[in-house]
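Here's the structure, in structure tokens; my notes come after.
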Amino acid sequence: MTEKCGVVGVSLDGRDAARPLYYALYALQHRGQESAGIVTHDGFQQHSHVEMGLVGDAFGEDDLETLNGAAGIGHVRYPTAGSVDSSCAQPFSVSFKSGSLGLSHNGNLVNADEIREELAAAGHAFTSDGDTEVIAHDLARNLLEEDLVRAVKRTMGRIHGSYSLTISHDDTVLGVRDPQGNRPLCIGELEDGYILASESAAIDTLDGELIRDVRPGELVVLQDDGQGFDTYQLVEQEHTAHCFFEHVYFARPDSVIDDTLVYEARRELGRKLWEESGVETDVVMPVPDSGRAFASGYADAASETTADGEPRAESDDGVEFAEGLMKNRYVGRTFIMPTQDERERAVRLKLNPIKSTIEGKTVTVIDDSIVRGTTSTQLVQLLKDCGAEEVHVRIGAPAIVAPCYMGIDMATRDELIAADKSVAEIRDEISADSLAYLSTDAVAEVLEKDRIDLCLGCVTGEYPYDIEGEETDRDVSRPDIGEQQLPADD
């Protein structure tokens with residue numbers, strides 16, 4: 001699986017925004033490593049610097065010095081829609097009759113092609129194949145006839161899919177979260193202004209204070225002088241569709257999303273995993289770093305009750321938590337390896353077992369997911385080669401059976417091991433002694449949400465958006481773009 005994107009926007013009282021944006025993007029680097037960019041406005045003109053690569057590689061001191069202005073937006077990208085090149089790097093900038101726009105997008109539209117085709121027929125020239133440019137063109141078109149709030153609302157009525165946006169319109173910065181709240185976005189207060197960011201960790205980096213999440217369907221407009229913000233609830237829907245995988249994998253553990261600290265959510269998911277499918281072994285160990293919080297919660301729960309749910313005797317410490325796998329942090333992620341052989345070799349390069357923790361012991365290894373099954377197969381073999389008597393695999397999320405269309409480049413159904421295999425078949429394929437996943441009900445309980453208020457498409461095959469060829473889990477349909485009238489192009 002690959003990360004989604006990260007977005008940020010700030011409006012400050014007289015201080016240049018470039019450096020705070022730069023630090024915030026560092027805090028969001030885990031959400032995308034393909035490109036990084038910043039757009040600022042100094043009250044007279046827009047300034048932009050967007051490059052491929054990591055934040056530290058994309059910006060030098062001279063680049064930051066050219067980004068003048070107290071308001072601006074930033075973006076880190078992993079491509080899930082559009083090409084892997086500079087044409088789709090963000091923020092996307094455009095100048096038009098009513099001013100200049102910069103736009104950063106986290107998420108994925110499912111009707112971008114329909115809107116692009118309509119706008120192209122009306123004379124709009126596109127420079128990329130990404131959906132972010134579609135949003136920018138649509139918003140610019142609406143701004144020719146409407147004020148800022150009405151223009152945003154009109155665009156929200158046309159685009160269908162997941163999105164959290166930070167937008168600069170001249171020196172005004174605004175944030176928008178899609179009506180179902182699929183992608184995270186929050187508001188924070190700084191010493192001399194306000195910030196919008198994908199995760200609260202970016203606010204912490206700037207010594208700010210988290211105020212709250214942007215509500216689904218809400219527009220937040222930061223005041224130009226950094227003195228406050230205005231909000232407009234533009235769209236309201238009965239149910240949300242929060243991406244549960246933010247809490248399982250994507251977000252930083254120290255971020256607060258939808259009022260829940262991600263680290264504590266993962267620990268609680270680990271406790272539920274013990275309750276549902278605990279197995280008495282000598283040690284439980286995480287796959288670093290993704291399985292650590294789950295394994296910690298699992299071990300805590302195991303110290304309180306047996307696998308049968310009975311209270312532990314005082315003399316019984318339960319399952320020992322141990323770090324049995326050490327991670328080489330200088331090896332690239334396995335999913336970027338182009339061939340299966342290279343992915344398998346990368347697992348050996350990336351993880352090294354601690355023999356004294358494993359040899360002669362029964363082991364439970366915990367991770368957040370199994371996608372293709374390659375890594376899990378290699379891990380089980382690695383532990384058995386190191387002398388483990390038994391290897392039991394536990395996953396802190398339900399099995400991934402379908403692709404994600406909402407901004408996570410997960411895999412196709414043909415690549416997903418759980419798409420056409422039972423748990424028993426997957427267990428045999430990865431050569432584990434046992435395998436169990438967490439239930440979707442447990443996820444909903446831990447996140448304190450009804451299942452209908454979560455996006456569970458990748459684990460149920462039913463989606464909260466109208467996606468061609470897929471089932472939905474609610475009454476939803478995409479806008480009929482062909483019947484909508486565009487404002488005049490003048």
Side-chain angles (χ1 to χ4, degrees), residues 1 244-245 248-249 266 269-288 290-299 301-302 306-309 318-322 324-325 334-335 340 343-344 347 351 353 357-358 361-402 410-411 413-443 446 456 458-461:
M1 288 179 294
F244 84 95
F245 239 90
V248 168
Y249 177 79
R266 290 176 186 167
L269 292 169
R271 293 183 67 88
K272 286 291 182 185
L273 191 59
W274 171 260
E275 291 176 16
E276 290 187 344
S277 59
V279 57
E280 301 284 354
T281 57
D282 295 320
V283 296
V284 55
M285 64 183 62
V287 175
S290 54
R292 186 165 285 115
F294 299 98
S296 173
Y298 182 98
T306 67
D308 295 328
V319 182
E320 177 191 1
F321 176 88
L325 295 164
T334 56
F335 62 68
Q340 186 76 358
R343 280 195 287 268
E344 292 176 2
V347 173
L351 296 172
T357 303
I358 300 163
K361 296 180 181 179
T362 58
V363 174
T364 299
V365 61
I366 296 185
D367 205 354
D368 58 2
S369 60
I370 298 177
V371 182
R372 295 177 179 88
T374 302
T375 300
S376 298
T377 301
Q378 292 291 305
L379 279 176
V380 171
Q381 189 59 51
L382 191 66
L383 294 171
K384 290 189 173 181
D385 288 347
C386 198
E389 292 185 356
E390 297 175 6
V391 178
H392 302 267
V393 177
R394 294 295 180 267
I395 304 298
I400 300 171
V401 300
M410 202 168 272
R413 277 188 172 84
D414 290 341
E415 296 173 301
L416 292 169
I417 192 171
D420 60 358
K421 287 183 172 62
S422 67
V423 174
E425 289 172 329
I426 299 170
R427 178 202 63 209
D428 292 344
E429 182 152 331
I430 67 175
S431 300
D433 290 275
S434 74
L435 167 66
Y437 295 87
L438 192 63
S439 71
T440 52
D441 287 340
V443 171
V446 168
L456 298 166
C458 62
V459 298
T460 65

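The nearest pair of heavy atoms linking Ile370 to Ser376 is CG1-OG, 3.4 Å. Pairing each heavy atom of Pro286 with each of Leu325, the nearest pair is O-CD1, 4.0 Å. Residues Val401 and Leu416 come closest through the heavy atom pair C-CD1, 3.9 Å. For the residue pair Ile417 and Lys421, the shortest heavy atom distance occurs at O-CB, 3.3 Å. Taking all atoms of both residues into account, the shortest heavy-atom contact from Arg413 to Ala402 is NH2-CB, 3.6 Å. Residues Gly324 and Thr357 approach most closely at CA-CG2, 4.1 Å, considering heavy atoms.
Legend: residues meeting side-chain contact (heavy atoms from CB on, under 4.5 Å) with Lys272, ordered by chain and number and at least two apart, are Glu275, Leu438, Ala442, Glu445, Val446. Checked against ring pair (Phe, Tyr, Trp, His ring centres under 6.0 Å), Phe294 has no partners two or more places apart in sequence or in another chain. Evaluation of the side-chain contact (heavy atoms from CB on, under 4.5 Å) rule for Thr440 yields Pro398, Arg451, Val459 as partners, not counting sequence neighbours.
Looking at Thr364 and His392, their side chains never bring a donor and an acceptor atom within 3.5 Å of each other. There is no side-chain donor-acceptor pair under 3.5 Å between Ser422 and Arg427.
Of the possible donor and acceptor atoms, none in the side chain of Thr362 sits under 3.5 Å from a partner among the backbone N and O of Glu389.
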